[in-house]
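Working notes, structure below.
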Amino acid sequence: MSATNCKEYEFLKIEPHWQGIWDKTKAFRAENGSTKPKYYVLDMFPYPSGSGLHIGHPEGYTATDILARYKRARGFNVLHPMGWDAFGLPAEQHAVKTGTHPAANTQNNITNFRRQIKALGFSYDWDREVDTTDPKYFRWTQWIFLQLFKKGLAYVDERPVWWCPELRTVLANEEIVDGKSEVGGYPVERRNLRQWVLRITAYAEQLIDGLKDVDWPDSTKRMQEAWIGRSEGAEVLFKLEDAKLGDLKIFTTRPDTLFGCTYMVIAPEHPLVDSLTVPAQREAVKAYRFKAASKSDLERTDLAKDKSGVFSGSYAINPVNGARVPVWIADYVLMGYGTGAIMAVPAHDERDYEFALRYDLPIPRVIAAADGSDTLPYTGDGTLINSPGYDGLAWPEAKKKITAALAAKGIGKGTINYKLRDWLFSRQRYWGEPFPIVWVSEADYRSAAALRQDLPKQPVKFAESGVTLYALPLPDAALPLVLPEVQTYLPSGNGESPLANVTEWLEVWFNVSTGASVPATQAKPAGDAWVRARRETNTMPQWAGSCWYYLRYLDPQNANAIASPEAQKYWDVPDLYVGGAEHAVLHLLYARFWHKVLFDLGVVPQPEPFKKLFHQGIILGEDGEKMSKSRGNVVNPDDIISAYGTDSLRLYLMFLGPLEAMKPWNTKGIEGVHRFLKKIWRECLDPEGAVSPRITDTGALSPEAEKVFHETIKKVSEDTEALKFNTAISQMMILGNALQKEPALPRAVMLDFLRILAPYAPHLAEELWARLGQNGSIAAAGWPSFDPTKLVSSTITIVMQVNGKHRGDVTVDPAVSEAELQALAVQHAKVAPHLTGKTIKRTIYVKGRLINFLV
RNA sequence: GCCCGGGUGGCGGAAUGGUAUACGCAACGGACUUAAAAUCCGUGUCCUGUAAGGGAGUGUGGGUUCGAGUCCCACCCCGGGCACCA
C-alpha cells in the first residue's frame with residue numbers, strides 16, 4: 001500500500017487516500033465462521049435525518065471504532081456494522097410537503113449519512129449495511145410480528161391516543177411538548193382509536209429478572225426496573241352494603257393496614273361508579289366525572305398536589321372487622337393500574353392522608369413507629385396496633401398472615417402488579433412497515449382456520465359499527481407485504497393512515513392459503529381459499545425495525561431466516577453496545593422483549609440481546625448549552641474535518657473527557673490534539689517528507705524515555721480496553737513529548753508508537769507506517785507488547801512527612817531498607833528542622849512511597 | 001416529592017486512602033524571524049514573604065485515619081430520570 005507523497009501533514013489528501021484503499025480492499029470485512037475469536041461491537045444505528053450527522057453521532061461511533069480497531073490488532077475477528085433506522089415521521093412530513101415518495105428522500109439522506117460516516121474513517125463492514133425500509137429487511141420485521149401474533153402476544157384494542165386535528169394525524173407521546181405538537185405547535189386532543197397492542201406485560205417478570213445477568217450501567221437497570229414497576233401486594237374483596245352490586249375488588253401493597261381503612265376510593269372511570277352513586281349524589285358525581293374527563297393529562301399532573309373527590313353515597317364492608325366504610329370517587333386513583341379501586345388507609349399513606357384531611361375522614365393509627373414517633377402519616381417500619389389478632393407483629397409479617405387469612409376465606413389473594421402497560425404498536429401513517437394482516441368475517445376466518453395451522457389459539461377480533469372482524473395473518477411465504485403507491489401522503493383525516501385511501505390495495509379477494517390477492521373490484525377467483533378481505537391500514541412504529549437489527553448484521557443476506565443458526569452461534573450477541581442514554585428505557589426494553597419472545601420460540605439461542613451496554617455522554621455547545629439550531633451552537637462534523645481532519649476530530653472527541661460524561665465542545669481545544677498529530681508527523685518525517693534522520697535502526701532511547709515508552713504501551717492497552725480513551729491519549733501525548741527530546745529514535749519504537757496510535761488516528765498511522773517502509777495496512781500489523789522489566793526505574797522518590805505534612809522528598813535506590821531510609825530522612829535538610837526538640841512517637845513507612853514521622 | 005449521577009486552577013479534565021491540579025486549552029514571559037505564522041523553552045491555585053520559606057486549599061459543616069479529592073454522616077448547588085402506580 002503506497003502512501004501519499006505530501007511533505008507536510010496534509011490531512012485533506014491523506015485521509016481520503018486511505019479511506020479509498022480501505023474501501024477497495026474491504027479491509028474491515030468480518031468473516032462468518034472464522035477460527036479466530038470473535039468480537040461484536042455495535043453502535044445504535046442512526047435515523048438518517050435531512051440535516052445530516054450531528055457531532056453526537058461521531059462521539060459514540062469513534063469510541064466503538066477505536067475498540068474495533070484495537071480488538072482487530074489483538075487478533076479478534078471483529079464484527080462492526082452500520083445501518084439505517086430509516087422509517088419515521090420526518091421523511092413522511094417531507095413527503096406530505098413535496099409530494100415526493102418518502103423512500104426517495106430517505107435514500108438521499110442515507111447517501112449523505114454514508115458519505116459523512118465514511119469521511120470519519122470508521123472501520124465498518126459495509127457489506128453488512130442494513131436499511132429498515134428495505135423490503136428484504138422489513139420482510140423479517142413483519143415475520144417477527146407474525147410470530148408474536150401467533151403466540152397471542154398481539155391484539156387490537158380501542159385506545160386513547162393523541163390526535164392532532166391540524167396535522168390530521170396521531171402523534172406519539174414523545175411528539176407532544178407542553179400539550180402541543182412538537183412539529184408546528186398545534187393543539188392535540190385525546191381520541192379513542194383502534195390500535196394494535198403488544199402484550200409486553202406478559203414478559204414483565206422476565207424483563208426484570210434478565211437485568212441480573214447483563215453488564216449495564218446501574219442507572220439504566222434501575223430505570224428499566226422503575227419503568228416496569230413491580231409491586232407485591234394483595235387483591236382484597238370488600239362486600240358492598242348493597243349486596244346485589246357484588247364485591248369491590250381493590251389492590252393494596254399493605255394488606256397489614258386493613259384495620260386502618262376508613263374509606264374506599266374508586267377511579268372516576270370505574271365501571272361501578274354509576275351503580276354505587278345514590279340519587280342524592282348523582283348531580284355531584286356527574287359534575288365531578290365531567291371535570292375529571294375534561295382535564296388533560298397535563299392538568300392532571302399539574303393538579304397532582306390538590307386532591308379532590310366526591311362521595312358516592314354507598315358503603316362497603318371491611319372484611320376484617322365488619323366496619324362500614326364510605327366509597328368515594330376521586331381521580332387520584334387511576335383506572336389503568338391495579339383494579340382501579342383502593343382501600344384508603346390515611347394514617348399510613350400520604351395521598352390518603354391528604355384526602356382524609358380535606359374531607360374530614362377519620363385517621364386511625366394501626367402501625368406503631370419503630371422509633372416511637374407519633375407524626376402522621378407514617379409509612380416507615382413498625383409493628384401493628386389496633387388490629388385485633390395481629391397486634392405486636394412487625395408489618396411485613398402481618399402482611400403475610402393477613403394475606404393468608406383472606407385467601408383462606410376466599411376473599412383475597414397475594415398478587416403482583418406492574419406499572420408497565422402493554423405496548424401501543426400501531427401508527428396511522430404511511431412510512432412504516434405495513435402489518436401483514438387482513439380483516440375477514442367470522443365465517444371466512446373459520447374456513448381459513450381449517451386450511452391454516454398457524455393461527456393464534458384465541459382469534460384476534462375487533463367490533464366496529466356492529467360488525468365483528470377477524471384478523472387473519474398473511475402466510476410467511478407471502479412476505480414481504482410492501483407499501484402501495486399512494487396519491488397523497490396526507491392522512492385521510494378520519495384517523496386512518498393514507499393507506500386507507502388506496503382502495504385497490506385495501507379491498508381485496510384474498511387467498512387464505514397462499515396470501516395472494518386481487519382487487520375486490522375484479523371478479524372473485526375460483527377456489528375455496530379465496531375470501532373477501534380488507535387490509536390493515538395501520539403501520540408499525542419506528543421502534544419495530546430497531547428491535548432486532550443487531551441480529552440481521554450477523555447474516556444480512558440470508559433469504560431464509562433472520563440469520564442462520566451457524567452465524568448466530570458464532571457471533572452470539574454484541575459484546576458491547578454503545579448508544580445514548582435517551583434509549584435507556586424504550587428501545588432497550590422493546591428489543592429485550594422481542595429477543596425473549598424469539599428465545600422462547602427457539603429462533604435465537606440466548607435470552608438477552610445486549611450483554612454489555614455503555615452510554616456515551618452528550619456533547620454540549622461551546623456555550624455549555626445543549627446544541628440546537630435555534631441557539632446557533634451546533635457543530636458540524638464536515639466543517640471540523642475540512643479544517644483539522646478527521647483524525648484530529650476523532651482524537652479530540654475522545655480527549656474531551658470521560659466517554660460517559662456530558663461535556664462542552666471547544667473549537668480552540670481541538671488545536672491541542674491537532675498539534676500533537678503534527679508533532680508525530682515531524683518526529684517521523686523531515687520537511688521534505690523523507691524519513692527523519694533521527695530515526696535509525698541502531699539507535700537507543702535514554703532510559704527515562706524507554707520507561708515512558710513501555711508505560712505508554714501498557715497504559716494505552718489498559719485504557720483502550722476500559723474505554724478510558726481520554727487518559728490513553730494523554731499518555732500518548734506524554735510519550736510524544738518525551739520522544740521529541742530524544743537525540744535518536746529507534747525505528748522499532750516509532751513503529752510501535754504508530755501501532756498504538758492507529759486505532760485513534762488511523763489515517764495518519766497508515767500514512768506514517770507506509771512512509772517508514774512498512775508493507776501492508778497497519779490495521780493488520782498487530783499490537784505491540786511492553787517489557788515489564790523496563791517499567792521499574794533505577795531510582796524511586798520517597799515522600800517524607802512529619803505529622804502527615806509533606807516536608808520533602810528524597811530519591812533513593814528501590815532496594816533501600818526502611819532503616820536506611822529512616823536514617824536518611826531524619827537528617828534531611830527539609831525534615832530535620834521539624835524534628836528538632838521533638839520525639840518520634842511512631843514511624844509509618846509505605847514501601848516505595850513515603851515515610852511519615854509522628855512527633 | 002422520590003431515585004440516580006456529579007461539584008477539583010481562568011477553562012476541559014487527571015489522580016490503587018499516600019507529593020492534588022497529569023495531559024490539553026487559554027494567558028503571560030522568552031527564543032527563532034525584517035515581521036507574522038509555525039515551532040521551541042519557561043511561568044502558571046490562593047494568601048504571606050525581596051527570597052529561602054511558611055500557611056490555607058478539591059461545594060459547605062462534621063467524623064474515621066499516621067494520612068481523605070477518594071471512606072462515613074448531615075447539608076447546599078447543578079444535571080438526568082420518574083412522578084397521585086395504592
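Naming: A, B, ... by sequence-line order, numbering from 1 per chain.
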Does A:Asn666 put a side-chain nitrogen or oxygen below 4.0 Å from OP1 or OP2 of B:G24?
-> no

Distance-only polar pair, side chains of A:Tyr760 and A:Thr62, donor-acceptor under 3.5 Å | no

Any idea which of B:A22, B:C40, B:G18 is nearest the A:Ile734 side chain?
-> B:A22

Using Watson-Crick geometry (N1-N3 plus N6-O4 or O6-N4) or G-U wobble (N1-O2, O6-N3), each under 3.5 Å, B:C66 is paired with B:G18

Can you tell me how far C1' in B:G10 sits from the matching atom in B:C28, rounded to whole Å?
-> 13 Å

What integer number of Å spans the P atoms of B:G69 and B:U58?
-> 7 Å

Which sits closer to the 5' end of RNA chain B, A:Leu854 or A:Asn737, going by the nucleotide each is nearest to?
-> A:Asn737

Which whole number of Å gives the distance between the P atom of B:U60 and that of B:C76?
-> 15 Å

A:Arg159 NZ/CZ over A:Trp423 ring centroid, <6.0 Å and within 45° of normal = no

What's the OH-C1' distance between A:Tyr652 and B:C11, to the nearest Å?
-> 10 Å

Centre of A:Phe853's six-membered ring, under 6.0 Å away, within 45 degrees of the axis: is that where NZ or CZ of A:Arg842 sits?
-> no

Quick one: is A:Ser231 getting a side-chain N or O under 4.0 Å of the B:A86 phosphate, OP1 or OP2?
-> yes

B:C82 -> Watson-Crick or G-U wobble partner, both distances under 3.5 Å, gives B:G1

Rounded to whole angstrom units, what separation is found between the CE atom of A:Met343 and the C1' atom of B:C84?
-> 17 Å

Using atom NE2 of A:His674 as one end and atom C1' of B:A37 as the other, report the distance to the nearest whole Å.
-> 13 Å

Choose from B:G79, B:U19, B:C4 the nucleotide whose nearest atom is closest to any side-chain atom of A:Ser219.
-> B:C4

Whole-Å distance separating the CE atom of A:Met733 from the P atom of B:A14 | 14 Å

Determine the interplanar angle of the A:Trp328 and A:Phe311 rings, folded into 0 to 90°, and report it as parallel if under 30°, tilted if 30 to 60°, perpendicular if over 60°.
-> tilted

Tell me whether the OP1 or OP2 atom of B:G18 has a side-chain N or O from A:Gln801 closer than 4.0 Å.
-> no

Using a cut-off of strictly less than 4.0 Å, decide whether A:Arg842 has a side-chain nitrogen or oxygen near OP1 or OP2 of B:C66.
-> yes

Sugar-phosphate, base or nothing in reach of A:Leu850, heavy atoms under 4.0 Å = base

Using the C1' atom in both, what is the distance from B:C41 to B:U19, to the nearest Å?
-> 25 Å

Closest of B:C23, B:C40, B:C41 to the A:Lys741 side chain is B:C41

What is the base-pairing partner of B:G53, counting Watson-Crick and G-U wobble geometry with both distances under 3.5 Å?
-> B:U48

B:A27 pairs with, by Watson-Crick or G-U criteria that keep both distances under 3.5 Å = B:U43

Classify the nucleic acid contact of A:Ile844 as base, sugar-phosphate or nothing, counting any heavy atom under 4.0 Å across all strands shown.
-> base

B:C11 base to A:Lys668 side chain: any donor-acceptor pair below 3.5 Å?
-> no

For A:Glu671 and for A:Val846, locate the closest nucleotide of RNA chain B by heavy-atom distance; then report the residue assigned to the nucleotide nearer the 5' terminus.
-> A:Val846

Of the candidate nucleotides B:G79, B:A14, B:G12, which contains the atom at the shortest distance from the side chain of A:Thr727?
-> B:A14

Which way is the base of B:G42 turned, syn or anti, if we draw the line at 90° from 0?
-> anti

How long is the line joining CH2 of A:Trp665 and P of B:C11, in whole Å?
-> 20 Å

Examine the side chains of A:Thr667 and A:Glu622 and answer whether a donor and an acceptor come within less than 3.5 Å of each other.
-> yes

Report the nucleotide, chosen from B:G18, B:C23, B:G81, that has the shortest atom-to-atom distance to any side-chain atom of A:Met223.
-> B:G81

Would you say B:A86 has OP1 or OP2 under 4.0 Å from some side-chain N or O of A:Tyr332?
-> no

Separation of B:A15 atom C1' from A:Lys715 atom NZ, nearest Å, is 9 Å

B:U8 and B:G61: how far apart are their P atoms, nearest whole angstrom?
-> 16 Å

Whole-Å P distance, B:G6 and B:C73 | 15 Å

Kindly check if the number of other-residue, nucleotide or ligand heavy atoms within 6.0 Å of NZ (A:Lys221) is above 12?
-> yes

Complementary nucleotide of B:U60, counting Watson-Crick and G-U pairs under 3.5 Å = B:A74

When you check the phosphate oxygens OP1 and OP2 of B:A14, does a side-chain N or O of A:Asn726 lie under 4.0 Å from one of them?
-> yes

Counting side-chain heavy atoms from CB outward, which of B:A86, B:C40, B:G18 is closest to A:Phe251?
-> B:A86

Sugar-phosphate, base or nothing in reach of A:Arg230, heavy atoms under 4.0 Å = nothing

Could you check how far CD1 of A:Ile670 sits from C1' of B:G13, rounded to whole Å?
-> 17 Å

B:C25 phosphate, OP1 or OP2: any side-chain N/O from A:Arg675 under 4.0 angstrom?
-> yes

In whole Å, what separates the P atom of B:U48 from that of B:G42?
-> 29 Å

Per atom distances to the A:Trp227 side chain, the nearest of B:G24, B:C82, B:C66 is B:C82

Please determine, by modelled atom types, if A:Ser231 and A:Tyr337 share a side-chain donor-acceptor pair under 3.5 angstrom.
-> yes

Are A:Lys678 and A:Tyr9 in a cation-pi contact, defined as NZ or CZ under 6.0 Å from the six-membered ring centre and within 45° of the axis?
-> no

Between A:Arg222 and B:C82, does any side-chain N or O lie under 4.0 Å from OP1 or OP2?
-> no

Can you tell me the distance, in whole Å, between the CE atom of A:Met264 and the C1' atom of B:A86?
-> 11 Å

